[in-house]
Amino acid sequence: MKLSEVHRILRAEILVDAGKMDKDVEMAFGADLMSDILAMCQEQTLLLTGMTHIQVIRTAEVSDLAAIIFVRGKRPGPEIIALAKEIGIPLLLCKLTMYEASGLLFSAGLSGIHRDQEPHRRLKGGGKL
Amino acid sequence: MEENFEQTISLQFELKSHDFVQAGEASSEIRRRLKKLGFASDVVRRAAIAAYEAEMNVIIHARRGRLQVEITPRQILIIAQDEGPGISNIHQAMQEGFTTAPDMIRELGFGAGMGLPNIRRFADEFNISSCAGEGTSLKIVIYAGEG
């Protein structure tokens, strides 16, 4: 689903388009817990969140997320928008709750993350002292 | 790799306690450098996430600390060292959901007891050592997938 379609379905406001509204997203994830996002999201996931602090942008950056939708009309501050522009992460704002926004996107065919593709690792050392 | 490099590239970042505005800048810079060096996106991503979780841990829990990164074409080594309370029970700290973070940190969406398990999830090698009352040291290695 293209970001422009996400924008239309959620009747969202575009805060940062980063020239990427034509970009396709294949899956989405909704969370306020940064660590859940870091643990669960594959790259190019669309994130829905109710958090608007600067670490949301940093979390999206290191996780290579496709875009961020702020739900419940929670508007991030100008420094957040400036950082997203600098990094090139699209930001959208919608008035719907997380549940409603997720439901609309899911019904329109945007799936959740693929659980069987959780980040792989080939751990040696096992976290021992 | 777009940019050939033969010598080890070393980066170092000083981290300040409770600096939630700058938090993540070190990891962001590490990610940029790795991308520029031409590492595979999966390698860059795993290194960036592990570095970010380690950076946040220092900022949340310690008095001060630093991230050191040594990059070679074969692997990325990230060392996070801090002066802080240390971890008295590492086995417990490695369990998902165990946390000692205060409410203020949890309100930011961190401190859910996922940081160390996440680092272990993304790392190819992971070692932690800690001395209660003194500090904690993490060694994280991400293989670059060559050879």
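All chains are named by letter (A, B, ...) in the order of the sequence lines, taking the proteins before the strands, and each is independently numbered beginning at 1.
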Assess whether a salt bridge exists between A:K2 and A:E5, defined as any Lys/Arg side-chain N lying under 4.0 Å from an Asp/Glu carboxylate O.
no
Among B:R31, B:M114, B:M56, which residue forms the greatest number of heavy-atom pairs with chain A at distances under 4.5 Å?
B:R31
Under 4.5 Å heavy-atom distance to chain A, tell me which part of B:E107 shows up: side chain, backbone, both or neither.
backbone
Side chain, backbone, both or neither: which part of A:T49 has a non-hydrogen atom closer than 4.5 Å to chain B?
neither
Do the charged groups of B:D82 and B:R66 touch, with an N to O distance under 4.0 Å?
no
Classify the angle between the aromatic ring planes of B:F110 and A:H53 as parallel (below 30°), tilted (30 to 60°) or perpendicular (above 60°).
tilted
In terms of side-chain geometry, is the basic nitrogen of A:E61 or B:R45 positioned less than 4.0 Å from the acidic oxygen of its partner?
no
Structural part of A:L33 lying under 4.5 Å from a heavy atom of chain B
both
Whatever's closer than 4.5 Å to a heavy atom in chain A on B:V44 counts as neither
Best-contacting candidate, A:Q55, A:M51, A:M34, against chain B by heavy atom pairs under 4.5 angstrom:
A:Q55
Less than 4.0 angstrom from a charged side-chain N to a carboxylate O is my criterion; do A:E13 and A:K95 meet it?
no
